[in-house]
Protein chains: 2
Amino acid sequence: MLIQIDFASDLPIYRQLRDQIVIGLATGQLEAGEELPSVRRLAADLGINLHTVHKAYQQLRDEGFLVLDRRSGAVMAKNIPDQPEFQNWLSRQLEPLVAEAICRKMSTNDLQALVRTLDQSMRQLKKDGEMQNE
Amino acid sequence: MLIQIDFASDLPIYRQLRDQIVIGLATGQLEAGEELPSVRRLAADLGINLHTVHKAYQQLRDEGFLVLDRRSGAVMAKNIPDQPEFQNWLSRQLEPLVAEAICRKMSTNDLQALVRTLDQSMRQLKKDGEMQNE
DNA sequence: TATCTGTTATAATTGTTGTATAACAGATAG
DNA sequence: CTATCTGTTATACAACAATTATAACAGATA
């Protein structure tokens, strides 16, 4: 899976890494149980420090997406644990974005369509990937 | 309008301020053309530094939400300028959130419902506020 | 004149981010 | 056994962002 770091972004590197891995999982570019490169390997490939990769891996582990094992390395979780607060957390994240959309006179339909398009395109990519594995 | 700062949040103070003002505008707690407290006044009320308020006001001005005038102070913009890149920007903001929702097995319907609820409740609040002014 | 407005400058502090170097414990391949 | 790989921890340092503090300025206003 291709990972691209934007060193001019306002988002920290470890956050870009974390986000892209989550997106990779949602789109089927990464599968449950799949091995990730070691912190040193990925750091070398991306030209960054191993601690930066480690920080991203730690966050993904704390979020339940990644299992870290001293022997086998980093493996995408097979069962992502339920986080009962997730919908509330997501709601808080979305609130300022939806508010800004309203302020900028975006219609309810356009907003819904935008979310639907994102959601559907990711789910379709995942589906396609699973098709290929059969 | 009530503003609450969480000093333990991972979000910077000026960002919380900015977000709450945008939410206030979307929900009708703030109206176009309404005056905001001066940087010193608001800073004193919230127990923070005037520069922190100034930074939030500056960002809101850069985003087109606020008009700053040396004499009249800070006034919510009457006409928020179009930002042609807004939908693309919003899409990039939403991408990792939608991805995480998919990873956490949230259904398309639940995600749509969550966004719709946020959108509708804000629009309803704004409508109610406008009703009262007639 | 005194007081209010946003704005600018400067400095100090604190926390975050990223890098560098080094080491450790455990697993594994030769 | 040795060499090499894994995540993990520790320490130090540099760069930057966020926040505070103090002070001053220009312009408007009561």
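Below, chains carry the letters A, B, ... as their sequence lines are ordered, and counting in each starts from 1.
Side-chain polar atoms of D128(B) and Q124(B) form a donor-acceptor pair below 3.5 angstrom. At a cut-off of 3.5 Å, with distance as the only test, a side-chain donor of N88(B) or E85(B) sits close to an acceptor on the other residue.
Separating the CG atom of D10(B) from the P atom of dT19(D) is a distance of 12 Å, rounded to the nearest angstrom. In this structure, L46(B) places its CG atom 18 Å from P of dA18(D), rounding to the nearest Å. Between R40(B) atom CZ and dA28(D) atom P the separation is 16 Å, expressed in whole Å. In this structure, the CZ atom of R15(B) is 17 Å from the C1' atom of dT19(D), given to the nearest Å.
Each of H51(A) and P12(A) was assigned the nucleotide of DNA chain C with the nearest heavy atom; the assignment lying further toward the 5' end belongs to P12(A). Along DNA chain D, the nucleotide nearest L50(B) and the nucleotide nearest K55(B) are compared for position; the residue whose nucleotide lies closer to the 5' end is K55(B). Each of D69(A) and G47(A) was assigned the nucleotide of DNA chain C with the nearest heavy atom; the assignment lying further toward the 5' end belongs to G47(A).
Looking at DNA chain D, the stems built from 3 or more consecutive Watson-Crick or G-U wobble pairs, each pair with its key distances under 3.5 Å, are C:1-4 with D:27-30, C:6-24 with D:7-25, C:26-30 with D:1-5.
For the pair S9(B) (side chain) and D6(B) (backbone), a donor-acceptor distance under 3.5 Å is absent. Remark: the backbone N or O of E31(A) is paired with a side-chain donor or acceptor of E34(A) at under 3.5 angstrom. Judged purely by atom type and a 3.5 angstrom limit, S121(B) uses its side chain to pair as donor or acceptor with the backbone of T117(B). Checking side-chain atoms of E35(B) against main-chain N and O of A74(B) turns up no donor-acceptor pair under 3.5 Å.
Proximity of L118(A) to S91(B): side-chain heavy atoms (C-beta onward) are separated by under 4.5 Å at one or more points.
Residue-level contact check: R61(B) touches the backbone only, with heavy atoms under 4.0 Å from sugar-phosphate atoms and none from bases. Counting any heavy atom pair closer than 4.0 Å across all strands shown, R70(B) reaches a base atom.
Look at E100(B) and R18(A) and you find a salt bridge, because one of the NZ, NE, NH1 or NH2 atoms lies within 4.0 Å of a carboxylate O, short of that distance.
Contact annotation: Y14(B) side-chain N/O to dA18(D) OP1/OP2 distance is under 4.0 Å.
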Quiz item: So R116(B) and T108(A), side chain to side chain donor-acceptor pair (under 3.5 Å) or not? Walk me through it.
Solution: CA-CA 8 Å; R116(B) 179 169 38 242; T108(A) 294; over 6 Å; no

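Note that the first and last nucleotides of DNA chain C, 5' to 3', having any atom under 4.0 angstrom from a heavy atom of chain B are dT5(C) to dA9(C).
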